[in-house]
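First comes the structure, then the notes that go with it.
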Amino acid sequence: MQRVPISKYPNTFFRVSLKAVIENHKGEILCVKEAGSEWTLPGGGLDHGETVEQGLRRELFEEVALDQDESFTLTPVGHDVMWVESRKAWQLWVIFRVSFDEIPLFSRGADADDIAFINPRTFADSPWRAQQLIYKWLVDLPRYE
């Protein structure tokens with residue numbers, strides 16, 4: 001019996017991960033730690049059938065306990081692609097600035113180990129890809145726009 005490949009182009013498929021840039025009045029960015037990981041932006045995988053807003057709203061509830069009725073505005077910041085060795089898959093980060101009329105109070109959600117507002121410049125020399133992307137999108141690239 002011949003084995004049928006799942007896809008003719010297996011390396012062209014991505015897991016889409018929506019990431020939120022939430023800034024406080026000091027210019028610090030809301031970051032989360034999950035399952036013993038390093039600091040990263042809140043957000044996660046877009047589930048089938050969800051809109052971008054629905055997916056990001058769900059992830060923000062799970063990680064930073066954002067009230068489901070909280071009103072916010074999404075502005076695209078950029079995107080990046082990375083190989084995630086632990087999942088043996090490509091991941092597409094789609095990054096959005098999330099703006100509120102008034103910044104809500106955040107607390108650690110069910111899926112987060114810790115949350116904190118952190119100056120993105122802290123990640124300038126980080127060895128971690130997620131933190132390098134925070135620095136890239138929030139410190140490096142705005143200088144060149």
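As the structure is a computational prediction, the values presented were derived from the model and not from experiment.
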*asked:* Could you tell me if the side chain of Asp67 sits less than 4.5 Å from the side chain of Pro104, heavy atoms only?
replied: no
Same cluster or not: Trp128 versus Met82, using hydrophobic residues (I, L, V, M, F, W, Y) connected whenever any side-chain heavy atoms lie under 4.5 Å apart?
no
Between the CD1 atom in Ile134 and the CH2 atom in Trp39, the distance rounded to the nearest 0.5 Å is 10.0 Å
Report task. May I ask whether Phe61 and Val21 are part of the same hydrophobic cluster, defined by side-chain heavy atoms of I, L, V, M, F, W, Y residues being less than 4.5 angstrom apart, directly or through others? Result -> no
- [ ] Kindly say whether Gly109 contributes a backbone atom to a donor-acceptor pair with the side chain of Glu62 at under 3.5 angstrom?
- [x] no
When rounded to the nearest 0.5 Å, the distance separating CG of Leu56 from CG of Leu18 is 5.5 Å
Closest non-hydrogen contact found for Gly55 with Leu46 is CA-CD1, 4.1 Å
Separation between CD (Glu38) and SG (Cys31), nearest 0.5 Å, reads 11.5 Å
Between Pro120 and Gly27 the two heavy atoms that sit nearest each other are CD-O, 3.6 Å
Practice item. Please examine the side chains of Val52 and Val94, heavy atoms only from C-beta on, and report whether any two atoms are closer than 4.5 Å. Key: no
(message) Please determine whether side chain to side chain contact (heavy atoms under 4.5 Å, CB included) holds for the pair Asp114 and Val32, giving the CA-CA distance in whole Å, both sets of side-chain angles, and the decisive distance to 0.1 Å.
(response) CA-CA 6 Å; Asp114 199 5; Val32 300; over 6 Å; no
Heavy atoms of Gly36 and Asp113 approach each other most closely as N-OD2, 2.8 Å
Check your understanding: Same hydrophobic cluster for Leu60 and Phe117, using side-chain heavy-atom links shorter than 4.5 Å among ILVMFWY?
Key -> yes
- Message: Quick check: do Leu92 and His79 have side-chain heavy atoms less than 4.5 Å from each other?
- Response: yes
Would you call Trp93 and Trp137 a side-chain contact if the rule is heavy atoms closer than 4.5 Å? no
Rounded to the nearest 0.5 Å, the CD atom of Glu59 sits from the CG atom of Asp111 at a distance of 7.0 Å
### Query
Taking C-beta and beyond as the side chain, do Leu138 and Arg97 meet within less than 4.5 Å on heavy atoms?
yes
Only one of Ile22, Leu41, Ile118 passes side-chain contact (heavy atoms from CB on, under 4.5 Å) with Ile29, and that residue is Leu41
N/O donor-acceptor pair under 3.5 Å between Arg57 side chain and Leu66 backbone | no
Membership question, hydrophobic clusters at under 4.5 Å side-chain separation (ILVMFWY): are Phe100 and Leu105 in the same one? no
So CD of Gln68 and CD of Gln54: to nearest 0.5 Å the spacing works out to 10.5 Å
Checking Lys19, Gln91, Arg129 against Asp80 for side-chain hydrogen bond (donor to acceptor under 3.5 Å, both in side chains), the one that qualifies is Arg129
To the nearest 0.5 Å, atom CZ of Phe96 lies from atom CD of Glu53 at 10.5 Å
If we only count heavy atoms from C-beta on, is the Tyr135 to Asp125 side-chain gap below 4.5 Å? no
